[in-house]
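Data block below; observations after.
When reading the values below, keep in mind they use all heavy atoms of this one structure, side chains included, and skip hydrogens, waters and symmetry mates. Remember, predicted model here, so these are calculated numbers, not experimental data. Note on naming: letters A, B, ... go to the chains in the order of the sequence lines (proteins, then strands), and numbering restarts at 1 for each one.
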Amino acid sequence: MMNISRRNLIKTGAVGVLAAGVSPMLSATSVFAQGETVAVGSLHDLTGGTDVYGVPSHACMKMAIAEINAAGGLLGKQIELKTYDGQSDIKKFPQYAQQAALQDKVVMLQGAITGASREATRPVLRRYKVPFVYGTIYEGGLCETNAISVNTGSDQQAIPLLDWSFKNLGKKVFYIGADYNAPRNIGIWTNHLANQNGGTVVGEEYYPLDVTDFSTAIAKIQAAKPDYVHSCLVGGPHMAFYRQWAAAGMLKKIPIVSVVFGGGNEHMVLTPEETDGIIVAYNYFEEIDTPANRDFLARADKTMGASRPYINGIAIGGYTGPMIWAEAVKRAGSFDYAALMDALKTDIEWAGPSGKMVLEAKTRSTIQDMHIMQVENRKWKLLETQSQVRPFDFGGACDLLANPRNTEILVPKV
Amino acid sequence: MDQVLVTAIAIATGIATLVLISLGLAVIFGMMRIINFAHGEFIMLGAYATVLSTNAGMNLWIAMLVIAPAFVALVGLGCERLLIRRYYGNLTTTMLLTWGLSLFLVGSVTALFGNTTRGIAAPLGSVTFGNYSVSVYQLFLIAFAALLVLGAALFLTRTRFGLIARGTMQNPAMASTLGIDPGRVYAATFAVGAGLSGLAGGLLAPVSGVLPNMGASYVAKAFVTVIAGGSSVLVGTTGAAFMFGPIEAIVSLISTPVIGQASLLAAAILLLRLMPMGLSAGFRRST
Amino acid sequence: MNYAGMNAGSLTFTASLVVVALGGPSVLDTFQVLQLSAYSSLALGVVGLAFVWGILGILSLGHAAFFGIGAYAYAILSIAQGESTFAVAAAILAPSVLAVCLGYFLFYGRVGDVYLSVITLCVSLILFSFMNSTADVSYTLLSVPLGGFNGISAVPPLNWPGFVGDFLTPEATFSLCFLLLAAVYLALQFLRGTRLGRIMASVRENERRCELLGYDPRWLKLVGFVISAAIAGLAGALFTANTGYVGPTVFDLGQSSQFILWAIAGGMGTLSGAIIASFMLQFLASFIGTSQLFNTSLVFGTVIIFFVYALPNGIVPSLQGLLRKLSRLARRQRRRPEVIGDSIKSTP
Amino acid sequence: MTLVVENLISGYGAVPVLHGITFRQEPGEIVGIVGNNGMGKTTLLKTLMGLLATKGGSTSFHGTDFANLPAHRRSRIGFGYVPQGASGFPNLSVLESLQLATVVGPGGRAKGIDEILELFPELSKYLNRSSSALSGGERQMLSIARAVIRSPKLLLLDELSEGVQPSIVEKLAERLVHLHATENIGILVVDQELGFVASVAKRALVIHKGRISHEISAERLSDLDLLGGSIRSSSCGSFST
């Protein structure tokens, strides 16, 4: 299968990776980057339960790489995209991350959308010094030099959305979420923002991800009589909530706001009768009416074909990730890991389809515009835009310039 | 008062859903002792058949009540003839086989239709009880599940095929000495079981997220219900549903849904400890 | 004494595992070493199941519960103590204790076959939903947050016993994993051949008769069940040490069915088959996931169905059958060289 | 309707039990099969009925080679089967059991439920009772009725007397003789109880280690039975356990 010289090369590279702390000159990436191409990894769930998030993100990432290559590549090199299908099986993530780092010598890896897959992948990439680009919306609090978050944390969505909702919809909120980390974090934000806005959380419920019967939930909400419902239900089974909610005639009575609705294309799967009026907050949606976005969509139509998936606030990270990383590589002037990390010590600005984005050096998270919008017949209608929303730094706790060794996920406290 | 009523409806919905998603599996397991790992995918196919034919202009009720079960029964028959038939009596091989089938079906549907399909809304609107409003379709599901159980009971006890099915299930070898071809009975039962799963999928299509992987969220619960129910298809499954549905709904209502789900599973464990051959065996012993 | 289990085949298999364990690191690259270490720890998990199912006839649909408890025990203790020896011991002990309680409940309650499977499945699903609901920071064990759905990451690898922070290299871990796999395989194969093992096999064949002969099948089943749980716990610890991560999905239906399907694919009643099948299917899933052929589930599902068609008895028994057929053919060829002509020379 | 069995080989899985059974049964004849436990009596009946696969040899009935027919086809050409221990359909009622026997028509004419109740009037009291609630003798009666309702041409009877009171056994024997006389049914009787075999059959074949070792007459069988002996005390003396 493998000839001796290549194996030796890889072994040298691997030893180099292990010794990278002592001698960065030998690191795997620098050995490989001398070739004609450099490899970049995409590790998304392309099959299984969470493929609805993985497939569009991967498609956007492919598009970004194709555009970089078409424009002459990066630092004169073509980029080769290595694809790994996580198969919605968390166990596969650390294994593929190892494969990407050690065997395929990627100089960057993007993906691992679900919190669990991210946590399984992150330490591996840290160990082998492969920059990890995280392209999805998530619970917030990622604070690690090696992790570049190009989408938004829940704070960046929840603060504008709930401030708006307490102002426009009423003071009583019922929070319903899937039972895992991100929705629980967003629950903390909901309580926090209710306090700040003089509102009350009249109920807080968490449902396991495979629940499909929401009749008790709906009864509980009806009993609590909130002014609006904040939903953080995630995934296919939970779409049942919106159906059962609308079937009970509640959609027209109590409004729903959400920071995750639409991320799994819920507004396409469900019918307008079941979704019209639901309010969300994202950094991107296809209906943004700017020349930059119209141009982006035209190119997307061309590269992905007519049957391309809807590009939502999660999938867009697949495109912005490689682009912002490419900006950083250009600044570094090299694919070398240490050079890139140095380059990231100052803010990096890039204008994308949704406007100006700034990758903040302190948090390695991204400042961007947030849009509050509403579903109307399977399309989004803009209600309000808040420009350049900063990532939350947890009262200064996340400062990677001062404390570059932090790897822990920070959790908001009420 | 209205709160009691709404709670009762929520509990009845829990029972009805359990009955609907378990019946097809129960028929196949009860008759042939096959643990059908592709059960969830049969439900998924039923939901897809409903959604796709409705989107193509078919009347929703026909799509749900006729097309979905008929289509999935055909698929089931095909699977039985091509795959399962050769491995009857071999629990392990059929498990492996139906697991492969399950992945194959998820993969094919994803490849054909992608992972986002435009769904259909629940018909019939809603009714209001005091402070609460409830979906009429939900009430329809409860009534339909009750009718389905009743119909199945009549079918099994009053028809020629029902008699053959019960006889073959109890003792296939003896049935064959009476001129009955167990192979054909198995094929027909497999098709009926698949058709019932398809019907469940069709009925759930307007109230759940119709996606290629949707089967996964039903399959564990259906397994637990069917096996805790024991060998008697109808009595066991319905009995188990009547026990587990309220437990989950009530515990979820007074504490959290996680504890509700855990208490369903704990109830199943306790039940099987007390009645080691399943619920229906316990019934039979006491009568 | 003639040990039925200890035939030439099983000794050869053990020897080849040892050869891989010792020779592997010098021919494989680091990635392959890491990948195979992870594969081998899952293979270890399936051996215990193949034993308790194939020999004793107990189908545990919740084998992942023991694997997962071992994995969590290792993760929590190795982080809390910064030392892995005690963590590994606890990872073996904790699932064994659960197995004793559960086994007593099941076997002494005379719970029937499939019903037993479902109870074990329920236990594992309860653990799954419980672990998923521990996202709140207040859920900590020995000051290690359980982490809910996101699980526990950055779990340290194995270290030399007693030397905190002196981690085993990936190569040493690899050798250790394969040696343990070989040792467990050999021990189970040995046990199978002993009097106790033969009585266990007869429990599977006919529990009633076994009881009439004066053996207590409940006790024998309990022993087998606890052994398999302990092995699964060790496997969980090694897997976590290899990948550095553990999350609630170790308890889900997918994980349990994976173990079961590997055991089936290997061939019921063969331990080596389960090991071989687990390696093959893990390679296959990983390969399909990077090759972008088509939809991964579609390809994997088709392969499994094909497997059942081509090798209905599982990998090892089918291969054995094939070998027998080939050797018979070769013998016939030798007897009639005039028919075969030159081709006989190419037969080894 | 002659049954011809030649060199029949059969068994469970890879373990052979019958090593080559050869015999012939004339139409309407009652033949007994006797032998010790484990000699293959039940295996022989199961193989003839098609519940166990024929591994070798030939079997024909009325000139039809049936070695490859499945059980339900054998039933349709006139085989009736009464299993050991009267195992049947414990959760069906007596009436349902009888109905089940006629849902698929036999080759010839099936009897009506009334007709069969005339032959077994005892059953009419229990028509709606679950068959698991019957006594051993009643269950045997149901088992025979279920086979007979299909008007078989050859009835295979497995250990009818096992666990049934002697007075009931006698009654069952009378019915069988009556059926044989009125309908000319051939019967192959396997039983441990030599007296019962002697009371219905004219001759008996002794099966030993999967082969027919010899034939004895009914009179000799009843002598053996009166002596309280088993066939082991047979003068042939070649038996061992």
Evaluate the side chain to side chain donor-acceptor pair (under 3.5 Å) criterion for residues T83(A) and S42(A): first the C-alpha distance (whole Å), next the side-chain angles of each, then the deciding distance (0.1 Å), finally the verdict.
CA-CA 5 Å; T83(A) 304; S42(A) 162; 5.0 Å; no
With respect to chain C, which residue among Q99(A), R184(A), R118(A) yields the maximal number of heavy-atom pairs within a distance under 4.5 Å?
Q99(A)
Taking G247(C), G244(C), S286(C) one by one, which has the highest count of heavy-atom pairs under 4.5 Å against chain A?
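With the most close heavy-atom pairs to chain A, the winner is S286(C).
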For chain A, find which of N242(C), V155(C), I152(C), L34(C) contributes the most heavy-atom pairs closer than 4.5 angstrom.
L34(C)
When you measure from the side chain of [X] to the backbone of [Y], do you find a donor-acceptor pair of N or O atoms at a distance under 3.5 Å?
X: S88(A); Y: T50(A); answer: yes
X: T169(C); Y: A172(C); answer: yes
X: S175(C); Y: E171(C); answer: yes
X: Y74(C); Y: G233(C); answer: no
X: N406(A); Y: L400(A); answer: no

Y245(C) versus chain A, the contacting section by heavy-atom distance below 4.5 Å:
side chain
Go through the atoms of T243(C) and report whether side chain, backbone, both or neither lie under 4.5 Å from a heavy atom of chain A.
both
Chain C contact via [X] - which portion, at a heavy-atom distance below 4.5 Å:
X: Q87(A); answer: side chain
X: N185(A); answer: neither
X: F93(A); answer: neither

